[in-house]
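Inspection log for the structure reproduced underneath, given as structure tokens.
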Amino acid sequence: MSSNPVAATVASLMPRAKEELTELVAFKSVADFGQFAREESEGAARWIAAALTAEGFQDVALLDTPDGTQSVYGYLPGPEGAKTVLLYAHYDVQPPLDEAGWTTPPFELTERDGRWYGRGAADCKGGVIMHLLALRALKADGGVPVNVKVIVEGSEEQGTGGLERYAEEHPDLLTADTVVIGDAGNFRAGLPTVTTTLRGMTLVRVRVDTLEGNLHSGQFGGAAPDALAALVRVLDSLRAEDGSTTVDGLNGDSAWQGIQYEDEQFRKDAKVLDGVELIGSGTVADRIWARPAVTVLGIDCPPVVGATPSVQASARALVSLRVPPGVDAAQATELLRAHIESHTPWGARVTTEQIGQGQAFRADPASPAYQAMADAMAVAYPGQEMQYAGQGGSIPLCNTLAALYPKAEILLIGLSEPEAQIHAVNESVSPDELERLSVAEALFLRNYAGGAA
């Protein structure tokens, strides 16, 4: 790969890329300002704006989106009459979870065993660096042959829809012939992959109330209705005996037709403990890409440490439901809320509140942009043919862009292969993947513009 001038340039830029990713990871840019300082996110946004400005981007702006966060925009003009490509990433990250579970501090990029560890290293601050590397390599080898728009979101992980609403209110801003979403990942490290489907998502907060206040479990337990026990019953009703998701009225038997995910490989990637079974039915690909999946994200109840012998008067949970392409997320939300209400026992009072939603997405892999990417990846990954895979996660902006610009082609690539362990402790990025995908993106832009790879 190094014999290619673009690849050689990217290789020479990798030390700089590591320095920049170190700076970007250091921002604790979690877009939950009740837990993390707003200044951390705004600092990351300013860093990206400065990087775009240094690369010659015009109209660089911090966009104040309706959810109270900032997205970063910039425009790099290409030759007259050139096509326009929109490059997407996001700088906000998931909370680090249990910092004690990290081998090294989550907001300090640390190299270990050939990987770079840190929150957001792969998802998706590494995607920002990938875009910069690709553009720098092209500039060093004849120039960028297309018009480039960059949009870096500030609240993707929260699912609050700020950038989607901003784009709808400013429909001319992100118009492009093709969109490259840098927030997906290869099926496995070293296997070039474009993601063609995404599951949608809805988030629902559930509250169960049974008493005016907590009661002594010895004096009242056995007859007084326990809100926590009622909530447990509700949550249990969302799964069949084999662990399959069961929401009344929601289809759960669709099949995945593309690349398959072997059980043992999935067990290894997911780090399933010995003797613990996988849940659900059908193939692993069916379960994670083509079918709905419910997850209980959190429960508000007394912690074990300090718990008192009490019957609980109230309990809350946050429930996530992933929905596959072909299922309307709004309809799925209503089915989930109706299911929860109908399965709440003992006449307990239950309230549900939707706090986030995103539609599923399906791309058209027969479009010309996909051939341009396949040719680029064949150079970046010698001897490997580009694969098509699904992804169980959600990127709500994809559907917004598809609706606003129905003629635009949308491709999803990125650094979140299984070893990256995104959203978990010890998230990491493979520098080899960063290097190869940066080369692939640069060559794609050249191929798409009509030049030779």
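Everything numeric in this text was worked out from a predicted model, so none of it was measured. The first residue in the sequence is number 1, and the count goes up from there.
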Quiz item: In chain order, what residues pass the ring pair (Phe, Tyr, Trp, His ring centres under 6.0 Å) check against F266, with sequence neighbours excluded?
Solution: Y261
Quiz prompt | salt bridge (Lys or Arg N to Asp or Glu O under 4.0 Å) involving E419 - partner list, sequence neighbours excluded | solution = R115
Quiz item: Is a side-chain donor-acceptor pair under 3.5 Å present for S430 with D432?
Solution: no
Quiz item: Side chains of Y448 and Q371: donor-acceptor distance under 3.5 Å anywhere?
Solution: no
Quiz item: Do R46 and E39 sit within salt-bridge range, that is, some charged N less than 4.0 Å from a carboxylate O?
Solution: yes
Quiz item: From S244 OG over to D253 CG, what is the distance, rounded to the nearest 0.5 angstrom?
Solution: 10.0 Å
Quiz item: Looking only at heavy atoms, which two atoms of P145 and L138 are closest? And how far apart?
Solution: CD-CD1, 4.0 Å
Self-check item: E427 side-chain N/O to D123 backbone N/O, donor-acceptor pair under 3.5 Å
Solution: yes
Practice problem: Verify side-chain contact (heavy atoms from CB on, under 4.5 Å) between E156 and L397, making sure each step is shown before the conclusion. | Solution: CA-CA 8 Å; E156 190 273 343; L397 183 65; over 6 Å; no
Exercise. Give a yes or no answer on whether the side chain of W289 reaches the backbone of A389 with a donor-acceptor pair at less than 3.5 Å.
Key: no
Quiz item: Which pair of non-hydrogen atoms, one from V25 and one from P106, has the smallest distance, and what is that distance?
Solution: CG1-O, 3.9 Å
Quiz prompt | Distance-only polar pair, side chains of T175 and K149, donor-acceptor under 3.5 Å | solution = no
Quiz item: Are a donor atom and an acceptor atom from the side chains of W47 and E23 found within less than 3.5 Å of each other?
Solution: yes
Quiz item: In terms of side-chain heavy atoms, does E153 have a donor or acceptor partner in Y88 at a distance below 3.5 Å?
Solution: yes
Quiz item: Quick one: do the T333 and Q357 side chains pair a donor with an acceptor below 3.5 Å?
Solution: yes
Quiz prompt | Exercise: identify the closest heavy-atom pair between Y370 and I410 | solution = OH-O, 2.8 Å
Self-check item: Summary of salt bridge (Lys or Arg N to Asp or Glu O under 4.0 Å) pairs that have at least one residue in residues 352-365, sequence neighbours excluded
Solution: R205-E353
Quiz item: Between Y73 and V150, does a side-chain contact (heavy atoms from CB on, under 4.5 Å) hold up when you go through it step by step?
Solution: CA-CA 6 Å; Y73 171 81; V150 167; over 6 Å; no
Quiz item: Does a donor on one side chain sit under 3.5 Å from an acceptor on the other, for D328 and Q359?
Solution: yes
Exercise. State whether the side chain of R199 and the backbone N or O of P324 hold a donor-acceptor pair below 3.5 Å, judged by distance alone.
Key: no
Quiz prompt | Under the ring pair (Phe, Tyr, Trp, His ring centres under 6.0 Å) test, residues paired with Y166 that sit two or more places apart | solution = H170
Quiz item: Under 3.5 Å, is there a donor-acceptor pair between the side chain of R119 and the main chain of E108?
Solution: no
Quiz item: Would you say T246's side chain and S237's backbone share a donor-acceptor pair under 3.5 angstrom?
Solution: yes
Quiz item: With distance as the sole criterion, is a donor-acceptor pair present between the side chains of S29 and D92 under 3.5 Å?
Solution: no
Exercise. Looking only at non-hydrogen atoms, find the nearest pair between S438 and L133 and report the distance.
Key: OG-CD1, 3.4 Å
Quiz item: Does a sphere of radius 6.0 Å around CD in E385 hold more than 12 heavy atoms from other residues, nucleotides or ligands, not counting ones at 6.0 Å or beyond?
Solution: no
Quiz item: Is there side-chain contact between P66 and E164, with heavy atoms separated by less than 4.5 Å?
Solution: no
Quiz item: How about L52 and E55: do any of their side-chain heavy atoms sit closer than 4.5 Å?
Solution: no
Self-check item: More than 12 heavy atoms of other groups within 6.0 Å of R239 CZ
Solution: yes
Quiz item: To the nearest 0.5 Å, how far apart are CG in L231 and OG1 in T344?
Solution: 8.5 Å
Quiz prompt | Check: Y405 side chain, P171 main-chain N or O, donor-acceptor pair, under 3.5 Å | solution = yes
Quiz prompt | Distance (rounded to the nearest 0.5 Å) between L76 CG and L135 CG | solution = 6.5 Å
Quiz prompt | L87 side chain near V148 side chain, heavy-atom distance below 4.5 Å | solution = yes
Quiz item: Do D32 and Q158 have side-chain N/O donor and acceptor atoms under 3.5 Å apart?
Solution: no
Quiz prompt | Donor-acceptor pair, side chain of R322 and main chain of A293, under 3.5 angstrom | solution = no
Practice problem: Please report the shortest heavy-atom distance between G101 and N426, naming the atom on each side. | Solution: O-ND2, 3.3 Å
Exercise. Would you please name every residue forming a salt bridge (Lys or Arg N to Asp or Glu O under 4.0 Å) with E111, sequence neighbours left out?
Key: K18
Self-check item: Among V429, T22, T110, the one residue meeting side-chain contact (heavy atoms from CB on, under 4.5 Å) with W116
Solution: V429
Quiz item: Closest approach of L109 and G118, non-hydrogen atoms and distance?
Solution: CD1-N, 4.5 Å
Self-check item: Presence of salt bridge, R446 and D141, under 4.0 angstrom
Solution: yes
Exercise. Answer yes when K28 and E99 have at least one side-chain N-carboxylate O distance shorter than 4.0 Å, and no when they do not.
Key: no
Practice problem: Flag the pair E20 and R16 as a salt bridge only when some basic side-chain nitrogen lies within less than 4.0 angstrom of an acidic carboxylate oxygen. | Solution: yes
Quiz prompt | Side-chain heavy atoms of I413 within contact of V180, under 4.5 Å | solution = yes
Quiz prompt | Polar side-chain atom of D286 near backbone of W256 as donor-acceptor pair, under 3.5 Å | solution = yes
Exercise. Evaluate the side-chain proximity of V323 to T202: yes if any heavy-atom separation is below 4.5 Å, no if none is.
Key: no
Quiz item: Do Q58 and P77 have side chains that get closer than 4.5 Å, going by heavy atoms?
Solution: yes
Quiz item: Is there a side-chain contact between L321 and M201 (heavy atoms, below 4.5 Å)?
Solution: no
Quiz item: Short question: side chain of N399, backbone of A360 - any donor-acceptor pair under 3.5 Å?
Solution: yes
Practice problem: Quick one: do E433 and E417 satisfy side-chain contact (heavy atoms from CB on, under 4.5 Å)? Show the steps, please. | Solution: CA-CA 9 Å; E433 289 285 270; E417 38 79 27; 3.8 Å; yes
Quiz item: Do S367 and E409 have side-chain N/O donor and acceptor atoms under 3.5 Å apart?
Solution: yes
Quiz item: Do any N or O atoms from the side chain of H339 and from the backbone of D248 form a donor-acceptor pair under 3.5 angstrom?
Solution: yes
Quiz item: Got a salt bridge between D300 and R316, using NZ or NE/NH1/NH2 to carboxylate O under 4.0 Å?
Solution: yes
Self-check item: Residue pair E157 / Q94, side-chain donor-acceptor N/O under 3.5 Å
Solution: yes
Quiz item: How would you list, by chain and number, every residue that makes a side-chain contact (heavy atoms from CB on, under 4.5 Å) with E262, sequence neighbours excluded?
Solution: Q265
Practice problem: Report the C-alpha distance between L443 and V6 in whole Å, list the side-chain angles of each, state the deciding distance to 0.1 Å, and finish with yes or no for side-chain contact (heavy atoms from CB on, under 4.5 Å). | Solution: CA-CA 8 Å; L443 296 179; V6 168; 4.1 Å; yes
Self-check item: Side chains of V319 and V294 in contact at under 4.5 Å (non-hydrogen atoms)
Solution: yes
Quiz item: Rounded to the nearest 0.5 Å, how far apart are CG of N147 and CG of L86?
Solution: 12.0 Å
